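This report concerns only the one structure given below.
Note that the structure is a prediction, hence the values are computed from the model and not measured. Numbers restart at 1 for each chain; the letters A, B, ... are given by sequence-line order, proteins then strands.
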Protein chains: 2
Amino acid sequence: MKKKATIYDIAREAGVSTATVTRVVRGDPGVREATRDKVQRVIDRNAYAPSMSAQNLESGRSKALAVVVPSISNLYFAKIFDSAYWEAADNGCSVRLIQTKDNQAISPEIVNELIRCRMDGVLFAGNIWSADRADLNDAMERLNHYMPVAAICPPGVELNCIRIESDLLNCARLPVRHLHTLGHRRIAFIGGSMHSKDASHRGATFLEQLRLLGLPDDPAYHVDAGYDMEGGERAVLRMLSALPRERWPSAIVTFNDLVALGAIRQLKKMGQHLPEDMAIVGCDNLFFCPYSDPPLTSVDLHPAEMAQSAVRELLVARESASRSFSILRDATLVVRESCGAALGFRHFDT
Amino acid sequence: MKKKATIYDIAREAGVSTATVTRVVRGDPGVREATRDKVQRVIDRNAYAPSMSAQNLESGRSKALAVVVPSISNLYFAKIFDSAYWEAADNGCSVRLIQTKDNQAISPEIVNELIRCRMDGVLFAGNIWSADRADLNDAMERLNHYMPVAAICPPGVELNCIRIESDLLNCARLPVRHLHTLGHRRIAFIGGSMHSKDASHRGATFLEQLRLLGLPDDPAYHVDAGYDMEGGERAVLRMLSALPRERWPSAIVTFNDLVALGAIRQLKKMGQHLPEDMAIVGCDNLFFCPYSDPPLTSVDLHPAEMAQSAVRELLVARESASRSFSILRDATLVVRESCGAALGFRHFDT
DNA sequence: AAAATCAATGTTATCGGTAACAATTTTCTT
DNA sequence: AAGAAAATTGTTACCGATAACATTGATTTT
């Protein structure tokens, strides 16, 4: 590897001052054509580009945001990052991706890293709010010294930052109402881990909807399913094994599409026909929903739009002072065949 | 936002020199307990952490790698990034994700950005090698001034960098041989865009395998399918519509699992039973393969391991000089039900 | 008690770039 | 051609941290 060129190397080799090199690099006016050419040739020959560290140090700004997620291999978070990435790029900002090791906490190490990088803003997605309150407040406090903070979180969470709220109310209401309209009366929910506040929040909202419609909220219809396919399979097996056939639900609302995928597989293994014997609704509207068998009805929380809003607000907050407010983007139910809408109204309460 | 604290602020407020602050931050020995406590309190009160820009400038190293991919929403690239991220983290390195706008080129802007950031290394995934040769060599040349370069690419590509080769030979050979063993004689390939060298390389390898086994390499069995589900649907429709029923293939090898998913849907629409009427093999072994209907047999190129190797080599190359060599990780065929292996040997050559 | 040793802390040049201003040319006036 | 104005180009302090070295003060040695 050749020695990395600095602006001094370029200036010396071109026989000009560093200021002139800067002018040429930035395309500033007020440089004689001949000088510009001469300097540009030296720049090209050395593959020179000004060091970002030096620029950031000088300007005191990084022109970079951070997005903190549990895992980018999770399509939901990938959508969020992707959207944030391009929205920031449109505004001349880069985005750094930070993954959390333990899958949930907002650790002091991460806070430190964010501060060290002097980010212009940070967006948290994934359930940081289930961390210990004191730790969380402390982290927010520390971060707020240096940068605006945004978080995609359930409604009503107390967080001293820009809150982009997931529409968990509709996330539970839309599928339940839809299934109710189709004639379903025994509706089950297989939700994420009950240890997560996010998941239990969804579970609570789900139960509330059942009660509003006067439907049975049998605890046997509400089981922990984790966040993935295996969880979905196990949850269905556990739930149905524990119930006599005549008390089986006629519809299952799942925590997300992955859980739904697992649930579908397990139901098929148990000889159920979908959607005739059992309706299924997922959440996140991932790319494969139209391609599952049957095509999966799913709630779309519009993660990309939430991320876009978050980035916009962060960029605004860089300048101004307002730091704590919330934004909500309504969820949408995307109806496909797994909920059995095409079958028309039927009364499932045998 | 409070004024961001610098090491000078901390030093002044604690009544010590900057050197002592640095010592406390790093936990260096040789600081009196009382002094350490005093300084630490000021650090905590101000949520101070040393500026990375300043550190990088001083040390001349960024301790950061870059991973350049077309889109992180693509699960294959997400796996690569994820793996690179943690492998780098284990070695005290961070990883920056860069997405390419046009989905394939290694643009001068990206090269410039990489140099500006003074990355310690860069890993390219996605088909940069299909760019114009002159541009590509130029970009490599420029990058090599500043950092080691690695690329995940097809075998045999001429690239002046560390090449982590995808095992495209087996990627075509394994499914074709397997299907042949099961009795299939008319095997089709619906591949990525024919404009991409990667895709055409796979197509060529596929045809070669057919010839080696003495199977027909009818051009009608080889159609462009893009990279996603829609492409798979269209490709199947186009291929089968153009053929009389008796010349339909009995098996289809697809470019990747997404294309396979689309193909499966289209085949079902056309009334085909899978895998009895038609065997399908995908590629990438994505998470949903066990959950598709039928569960999808797929080739695994082990992207995570490739990324891990790439990062290791990049970290080694930081120190040493060797810069151009290649590594190959064998592909694996993961047999599930979509290829009909469970049905036993049958002769499909009606 | 003076000298030597060691522990704790301070000083300063430096990294690569930019901003603000200073200095030098060049071009234009009259 | 002298002086003014405009166009180029150069100089230097600074951004925040660290390394290398310098200094101070305390403790031990003789």
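Put simply, Gln55(B) has a side-chain N or O that comes within less than 4.0 Å of OP1 or OP2 on dT18(D).
Rounding to whole angstrom units, CG of residue Asn56(B) and C1' of dC15(C) are separated by 11 Å. Counting to the nearest Å, the C1' atom of dA17(D) and the CG atom of Asp28(B) are 14 Å from each other. Whole-Å rounding puts the Leu57(B) CG to dA13(C) P distance at 17 Å. Residue Arg12(B) contributes atom CZ, which lies 14 Å from atom P of dG10(C) at whole-angstrom precision. One interatomic measurement links the two molecules: CE of Met52(B) to P of dC15(D), which rounds to 22 Å at whole-angstrom precision.
A salt bridge (charged side-chain N to carboxylate O under 4.0 Å, His left out) check over residues 147-158 of chain A, counting only residues at least two apart or in different chains, returns nothing. Sorted by first then second residue, the salt bridge (charged side-chain N to carboxylate O under 4.0 Å, His left out) pairs that include residues 13-31 of chain B, not counting sequence neighbours, are Glu13(B)-Arg45(B), Arg26(B)-Asp28(B).
At a threshold of 4.0 Å, the pair Asp82(B)-Lys79(B) does not count as salt-bridged, since none of the basic side-chain nitrogens sits closer than that to a carboxylate oxygen.
Interatomic distance, CG of Asn74(A) versus CG of Leu75(B), reported as 9.5 Å (0.5 Å rounding).
Within a heavy-atom distance below 4.0 Å of DNA chain D, no residue of residues 41-48 of chain A is found.
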Original post:
In the 5'-to-3' direction, what one-character label does each nucleotide of nucleotides 8-14 of chain D receive under the scheme B = base within less than 4.0 Å of a protein heavy atom, S = sugar-phosphate only, - = no such atom?
Top reply: SBBB---

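Under the salt bridge (charged side-chain N to carboxylate O under 4.0 Å, His left out) criterion, Arg36(B) pairs with no residue, sequence neighbours left out.
Screening Leu315(B), Leu123(B), Asn91(B) for a side-chain contact (heavy atoms from CB on, under 4.5 Å) with Leu65(B), the sole residue that qualifies is Leu315(B). Screening Leu114(A), Asp120(A), Ile115(A) for a side-chain contact (heavy atoms from CB on, under 4.5 Å) involving Tyr146(A) leaves a single residue, Ile115(A).
Counting non-hydrogen atoms of other residues, nucleotides and ligands closer than 6.0 Å to NZ of Lys63(A) gives a total of 12 or fewer.
With a 4.5 Å cut-off on side-chain heavy atoms, Ile106(A) and Val68(A) do not count as touching.
Heavy-atom minimum distance, Ser51(B) versus Arg118(A): N-NH2, 3.6 Å.
Residues Asp44(B) and Gln40(B) bring a donor and an acceptor atom of their side chains to less than 3.5 Å of each other.
In the helix from dA1(C)-dT30(D) to dT30(C)-dA1(D), the rotation axis of the first five pairs and that of the last five pairs differ in direction by 50°, rounded to 10 degrees.
Among the heavy atoms of the strands lying under 4.0 Å from Arg26(A) are primed sugar atoms or P, OP1, OP2 only; no base atom is included. The residue Arg118(A) sits close only to the backbone: its heavy atoms come under 4.0 Å of sugar-phosphate atoms, none of a base.
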